[in-house]
Amino acid sequence: MLKTFKIVISGRVQGVGFRPYVFVLATKNDLFGTISNNEKGVIIYLTGTETEVRSFYQKLINKPPPVSFIQASDLSEISFRKFDDFRIVSSTIEGKLNLPLTPDFAICEKCKKEIVEIENRRSGYPFTTCVNCGPRWAITRTFPFERSNTTIDDFKMCAECHGEYTDPNNRRFHSQTNTCKTCGIHMVLKDQEGVKLNISRDEIFKKTADLIRNGKILAIKNTSGYLLCCDAGNKEVVQNLRRKKRRPKKPFAVLYPSLNLLEQQLTITKKLRRAFQSTQRPIVIVPNTDFIGNLAFEDIAPDLSQIGIMLPYTGILELLSTELKVPMIATSGNLHGSPILFDDKESFEVLKNVVDYFLDHDLEIVNPQDDSVIKYSAKFNHEILFRRSRGYAPNYFGKKIITNKRILAMGGHLKSTIAFLPNDYLYISQYLGNLDNYDVYKRFTYTIEKFINLFDQKPDVVLIDSHPAYQSSLYGKEITKKEGSALYEIQHHKAHFASVLGEHELFDNTDPILGVVWDGTGYGEDRQIWGGEFFRYQNKKIDRLSHFEYFDWLAGDKMAKEPRISLLSLASPDMKSVLNGKFREEEIAIYKIIKKKNKLKTSSVGRLFDAVASLLGICDINTYEGEAAILLENKIMNYNLENCKSYFNVNSENLISTSLLFENLYADFKKGTKREQIILNFLYTLASIIIDLARKNNFEKIVCSGGVFQNTVLIDMLNDLAGNKHKLYFNRNLAPNDENISYGQIMYYINCT
Ligand SMILES: [Zn+2]
Ligand SMILES: [Zn+2]
C-alpha cells in the first residue's frame with residue numbers, strides 16, 4: 001500500500017548539495033515527492049511503500065552528502081498525497097530562521113582539476129565551485145541558502161551553466177554558486193593608481209605571478225576578504241611589506257602552491273596533511289627546524305622556530321600558485337591591528353600606499369573573515385585552535401541548549417567574538433580583533449547587527465564581561481537600553497572555565513572539577529587583575545579555590561606591552577643588576593615610587609611568562625600581542641621530564657607564591673643554568689603545580705583554559721604528568737584565548753545562574 005511521509009532534517013543541510021543529493025537518491029529508488037529548503041533545514045515529502053521510504057530514510061541518514069552535517073531528523077506519516085515525479089521545489093519560509101549557517105568550503109579536488117586542465121570549459125576560471133565547495137557564509141545576505149539570497153545573484157547563469165544546474169546527472173545540479181567564464185565574475189589587475197592593466201583574461205594569473213616574482217606587493221581580493229601577497233623567498237620585499245603594513249615582527253603566513261612542494265621542504269605528518277587538506281583549510285603552524293628550501297625565514301617569522309603555512313583554498317589562489325610555483329606570503333589585507341578589508345573602494349584607499357598592484361573582482365563579500373589558525377602539540381598531537389574564522393565560523397555544534405530566552409553574549413576585548421542564541425542553535429562569530437581599534441569596533445557592531453537582523457530576533461538577555469571599561473561591555477549596555485533586554489555581568493575567568501565545561505558537556509558532572517584559568521588579564525571580583533586562577537566547579541557553582549599570589553600591576557596597559565615591567569614588578573632587590581640593563585636609572589627610581597603607592601595587583605600567569613622572558617633576555621618589549629610567550633616557547637623543541645626540576649611546590653593551603661617561584665628561577669639563572677633548561681623547568685613547574693593541586697584536593701577532572709594554554713609544550717607536559725590519574729579537558733572547537741569568552745558567558749549564564 002502506498003503511503004506519504006514527511007521527513008524533516010536539520011543541521012548543516014543548506015548550501016551543501018543536500019537537495020540534489022536527495023533528488024538522485026529518490027529517483028534511483030523510484031520514489032515520488034518533493035524536497036525544499038525551509039527556515040529550519042530541509043523538508044522532504046515522499047510517497048511509496050513504508051518499507052521503501054524507511055530504507056530510503058536510513059540510507060540518507062547513514063550517508064548524507066559529504067560536507068553536510070545532520071543534527072536532527074524526523075520521519076512521520078501524513079495524509080496521502082499523489083506525486084507524478086520527484087521534484088526540487090523552491091524554498092518555503094513559514095517562520096523565522098532556525099538553522100545552522102553554512103561556512104565557506106575550500107575548493108574541492110574535482111573543481112581544482114577542472115580549472116587547471118587545458119581542455120575544459122572552466123579552465124582558468126577562478127570562481128569554479130560545486131555543491132561541495134566554494135564560498136558560502138562570506139557571500140550570504142540571508143538564508144535559506146539560495147542563489148537569490150547571496151551576492152552571486154548579481155550574475156545570471158548562462159545557458160550552459162543553467163543546463164548543468166538543471167541536469168540531475170551533472171555534479172553542478174542545483175549548485176547555487178554555479179558560474180563560468182561566460183556568465184560569471186571578472187578579475188581585473190590594476191596598478192597603484194587604480195588604472196586597469198590591459199591584459200587578456202587568460203593572461204591575468206600569469207601576469208600576477210610575474211609581478212610577484214619581480215618583487216612586487218599585491219593586494220588580492222579573495223572570496224573572504226583581501227590578502228597581501230609577495231614572494232616568500234625574497235627578503236627585501238618581505239621587509240618592505242613589514243614596513244608598509246607597520247608590522248615589525250608578527251609572523252606572516254605562507255601559502256604553498258602544493259602539498260607536494262611542501263612535503264619536499266618540510267616533514268608533514270599524516271595529521272598535518274589532513275589539516276592542510278581539510279574543507280576548512282586553515283593556516284597550520286608547524287616547526288621549521290628541518291626545512292630545506294628558499295624562504296626568507298628571518299623576515300617571515302622573526303626569531304621563531306615555527307611557521308604558519310596554508311594551501312590554496314580558492315580558485316584564485318590555486319590558479320595564481322599554479323603559475324607562480326613557489327611559496328608566497330599571504331597575510332590578511334589590513335593595516336596594523338585593523339580588521340581584514342573586503343570592500344573594493346575602501347581597500348583601494350587604505351592599501352594604495354602599501355601595495356604595487358591590486359588583483360580585484362566584482363563579487364561582493366558581505367561577511368569578511370580572516371584565515372583560521374591551528375597548531376598541534378609535538379608529543380601528543382593535541383590540536384589547538386589559535387584563531388577561529390573562515391571555514392569554522394559562524395556555527396557552533398554542541399549539545400542543544402534548552403532555554404526560552406534569546407541570549408546575546410558580548411565576549412571579551414582583545415580577541416573579541418560574539419555569541420548569539422536566537423533559536424535552537426548557537427552562533428559564534430569569527431574572530432573580530434582588538435576592540436581598542438576603532439575599525440574593529442565598527443566590524444564588531446556590524447556583526448552584531450547582522451546576527452540580530454538575519455534571525456530577526458532581539459536579545460532578551462545581554463551578557464557582558466564584568467570589566468567596566470571593555471568596549472564590548474559598554475556596547476552591551478547600550479543594546480539593553482535600546483532593546484529593553486536584561487543585562488548580566490560575568491567574571492572573565494569564570495567564563496573561560498565555563499567554555500570548557502560547555503564544550504565537554506561537564507555541567508551535569510557530579511564530582512568536583514578543578515578549573516585552571518591562566519591568561520594575561522581579566523577583571524576580578526575583588527577589582528584586582530586576575531589571570532592565574534584555580535576554581536572549583538560543583539553543583540552548578542564556580543568558586544575561586546586559589547590563585548597565584550598577587551604582584552604589582554604597574555603602568556596600566558603598558559605592562560602587557562613591555563615584559564620588562566613584569567620583571568621589574570617581580571624583581572627582588574638582588575635582581576638589581578638585571579634591571580639596570582633594561583631601564584635607565586631614573587626610570588627605576590620612578591617605578592620604585594609608583595610601586596610603593598600602587599594598589600592594583602595581579603595574579604596573571606601571562607605576566608609571569610613575560611617576566612621570565614625578560615629575565616632570560618628573550619623579549620623586553622612586545623611588538624605584537626603575546627610575543628614574549630611565543631618567543632619563549634620557540635626556544636625549546638622537545639623535553640625530557642626526568643631532567644626537569646620544579647621551582648615551586650604547592651603547600652597544604654594551596655597558595656602559589658609567585659615571588660618565591662620567581663626567586664628560585666632567578667637563583668638557577670644566576671648559577672648559569674642554560675636558558676633552554678630554565679624554560680623547561682619553568683613550564684614543568686607550572687604543569688606540576690596544576691597536577692599537585694589536583695592531587696592534594698582530590699580532583700580527578702582538570703579543566704584548563706585561557707591564552708596561556710596556547711603553549712603546546714605546557715599541554716604536552718600536563719598530559720605526561722596527568723598519566724591515567726587525572727583527566728584533562730581543554731577547549732577543542734574554540735580557541736583557548738579570549739575568543740571563547742562569548743561562548744563561556746552563555747554557558748555560565750545557562751548553567752550557573
Ligand atoms: Zn567543487
Ligand atoms: Zn555560465
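Values below: every heavy atom of this structure, side chains too, minus hydrogens, waters and symmetry copies. Indexing begins at 1, ligand by ligand and atom by atom, following the structure's order. Model, not experiment: these values are computed from the prediction.
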Discussion item. Once you measure the plane-to-plane angle for W137 and F451, does it fall in the parallel (<30°), tilted (30-60°) or perpendicular (>60°) bin?
Written reply: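 Aromatic pair W137/F451 classed perpendicular.
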
Worksheet entry | R281 to F276 six-membered ring, cation-pi geometry met (6.0 Å, 45°) |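 Relative to the ring axis of F276, which defines the angle, R281 lies outside at least one limit.
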
Practice prompt. Nearest 10° is fine: what angle sits at the Zn ion (ligand 1) between SG from C111 and SG from C108?
Written response: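 Rounded to 10°, it measures 110°.
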
Fill in: the Zn ion (ligand 2) reached by H162 (N, O or S, under 2.8 Å)
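It does not; every qualifying atom lies at 2.8 Å or beyond.
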
Item to complete: To 10°, measure the SG(C183)-the Zn ion (ligand 2)-SG(C180) angle for me.
Response: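 The two atoms form an angle at the metal of about 120°.
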
Discussion item. Could you check whether atom NZ of K181 has more than 12 heavy atoms from other residues, nucleotides or ligands sitting under 6.0 Å from it?
Written reply: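 More than 12 heavy atoms, drawn from other residues, nucleotides or ligands, come within 6.0 Å of this atom.
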
Fill in: Test ring pair (Phe, Tyr, Trp, His ring centres under 6.0 Å) applied to H174 and F23, Y165, F145, the passing residue
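With H174 as partner, F23, Y165, F145 yield a single ring pair (Phe, Tyr, Trp, His ring centres under 6.0 Å), made by Y165.
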
